Amino acid sequence: MPELPEVEVTRLSFAYRIAGGKVLSASLGKALRWPLGCACNQLLGRVVVGVRRRGKYLLVDLDEGLLLLHLGMSGSVSFAEQLPPKGVHDHFELVTSHGTLRLHDPRRFGAVVFARSEDAPEAQKLLGRLGMEPLTDQFDLAQFQDQLKLRRAAIKQVLLAGNVVVGVGNIYASESLFAAGIRPTLSAARLSRPRVAKLHAAIRTVLANAVAKGGSTLRDFSSATGESGHFQLSAMVYGREGQACRVCQSPIKTLRQGQRSTFYCPTCQKA
DNA sequence: CACGGATCCTGATGGC
DNA sequence: TGCCATCAGGATCCGT
């Protein structure tokens, strides 16, 4: 479910409200992708200092240590003073004096991991190999060009891998490549510098636009306050196989890359 | 190191 | 209605 825009929309929807809250209780349900890395009662009394995002991770900063939350494919976060009773797929809960943070994740590809600090090995294991943040100045064009030169794989797969640039998942990889007019199957290393520059700008525009639209709600994404996103309504290619391209009217095509669907316009996206 | 494929898990959907 | 196959917003691990 969640790519960078959905994670950022989630963050924006609860960060300012949870900040300052003191942890009153914490509980875990079924196992997520990795163990929490501490006993739940070690979190008692901690104060939530703020919530940041790195790639698709939410970093819940505590006065001592931090929690790394990942939503996997099907995760979502709720935050409210009072939440409805726990359901079968609610696997983590942090009750604070400002409200309750809950992670709902049917497929359990998500994770909650405690780390003593961002630099600690348990955090670096998850964050250490992440690529550049696309919506910050860290996303340097020259560096992007240099790094793509080292990758022979298809540009779509390089974007998804997250070790060059983070946060671009299956929806926004297709959308960004459409915006840049690039065929998803092209080898990253063979893209001309001007085309990479176009892609660099496209990624930023597409992601920023998606955040502004509240993310994409395909089946069940909503922010921590329950708001649906509506980026999917303006998607140019994702989920539009067979429909007319919004620019040139050609039917949108689909293909499989690394067991994921890719959508593209055969006319607008040049080989 | 870079690459492609298998893998974790549950639920929705479509064909027969 | 049931059963089976396929697909779904991710990312790690493993063999080459």
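Quick caveat: nothing in here was measured; it's all calculated off a predicted structure. We name chains A, B, ... by the order of the sequence lines, and we start the count at 1 in each one.
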Practice task
Assess whether salt bridge (Lys or Arg N to Asp or Glu O under 4.0 Å) is satisfied between A/E122 and A/K125, documenting all intermediate values.
Solution key: CA-CA 5 Å; A/E122 58 270 25; A/K125 186 185 164 217; over 6 Å; no
Problem - B/dA12 and C/dA11, which share atom name P, separated by this distance in whole Å - result: 23 Å
Problem - Distance, P atom - from C/dC7 to B/dG5, rounded to whole angstrom - result: 15 Å
Problem - Test item: A/Q145 and A/H200 side chains (from C-beta on) under 4.5 Å apart, heavy atoms - result: no
Exercise for the section: May I ask whether A/F109 stacks on the base of C/dG10, given the cut-offs of 5.5 Å between ring centres and 30° between planes? Expected result: yes
Problem - Start and end of the DNA chain B segment that chain A contacts, any atom under 4.0 Å from a heavy atom - result: B/dC3 to B/dG11
Handout entry: Between C/dA11 (P) and A/R54 (CZ): distance, integer Å
Key = 12 Å
Practice task
Mind checking A/G258 for me? I need base, sugar-phosphate or nothing, with any heavy atom below 4.0 Å counting as a touch.
Solution key: nothing
Exercise for the section: Take A/R108 and A/Q157, find for each the nucleotide of DNA chain B with the closest heavy atom, and name the residue whose nucleotide sits nearer the 5' end. Expected result: A/Q157
Practice task
Tell me whether the OP1 or OP2 atom of C/dG9 has a side-chain N or O from A/S74 closer than 4.0 Å.
Solution key: no
Exercise for the section: Taking the side chain as every heavy atom from C-beta outward, state whether A/D105 and A/F92 have any pair of such atoms under 4.5 Å apart. Expected result: no
Exercise for the section: Applying side chain to side chain contact (heavy atoms under 4.5 Å, CB included) between A/R54 and each of A/L59, A/L68, A/L126, report the one that passes. Expected result: A/L59
Problem - 5' precedence on DNA chain C between A/R107 and A/L160 (nearest-nucleotide basis) - result: A/R107
Handout entry: Opposite nucleotide pairing with C/dC14, Watson-Crick or G-U, both atom distances under 3.5 Å
Key = B/dG4
Completion exercise
Assign each of A/L150 and A/R33 the nucleotide of DNA chain B bearing its closest heavy atom; nearer the 5' end lies the nucleotide of A/L150
Practice task
Verify the contact: side-chain N or O of A/H70 to OP1 or OP2 of C/dG10, cut-off strictly under 4.0 Å; return yes or no.
Solution key: no
Handout entry: Atom pair OG (A/S216) and CG (A/N170), whose distance is rounded to the nearest 0.5 Å
Key = 11.5 Å
Problem - Min side-chain heavy-atom separation A/L160-A/K156 under 4.5 Å - result: yes
Fill in the blank from the handout: Partner of B/dT10 under the Watson-Crick or G-U wobble criteria, both distances under 3.5 Å, comes out as C/dA8
Problem - Check: A/L159 and A/L177 side chains under 4.5 Å, non-hydrogen atoms - result: yes
Practice task
Could you tell me whether the phosphate oxygens of C/dG9, OP1 or OP2, come under 4.0 Å of any side-chain nitrogen or oxygen in A/K56?
Solution key: no
Handout entry: Value in whole Å for how far the P atom of C/dC7 lies from CG of A/L255
Key = 13 Å
Practice task
Take atom CD of A/E8 and atom C1' of C/dG9, then tell me their distance rounded to the nearest Å.
Solution key: 17 Å
Fill in the blank from the handout: Here the distance between atom P of C/dC13 and atom CG of A/N163, to the nearest Å, is 14 Å
Exercise for the section: Could you give the distance separating B/dG11 and C/dT12 at their C1' atoms, to the nearest angstrom? Expected result: 23 Å
Handout entry: Short side-chain N/O contact from A/R260 to OP1 or OP2 of C/dG9, under 4.0 Å
Key = yes
Problem - Distance, rounded to the nearest Å, where A/R256 contributes CZ and C/dC7 contributes C1' - result: 7 Å
Exercise for the section: Verify the contact: side-chain N or O of A/Y57 to OP1 or OP2 of C/dA11, cut-off strictly under 4.0 Å; return yes or no. Expected result: no
Problem - No-hydrogen, no-angle side-chain donor-acceptor test under 3.5 Å, A/S261 and A/R256 - result: yes
Problem - Rounded distance in Å - NZ (A/K156) to P (C/dG10) - result: 9 Å
Exercise for the section: Quick one: label A/Y238 by what it contacts on the DNA or RNA (base, sugar-phosphate, nothing), any heavy atom closer than 4.0 Å. Expected result: sugar-phosphate
Handout entry: Residues, nucleotides or ligands: over 12 heavy atoms within 6.0 Å of A/E81 CD
Key = no
Handout entry: Rounded distance (Å) that lies between atom P of C/dG10 and atom CZ of A/F221
Key = 13 Å
Fill in the blank from the handout: Here the distance between atom P of C/dC7 and atom CD of A/Q257, to the nearest Å, is 15 Å
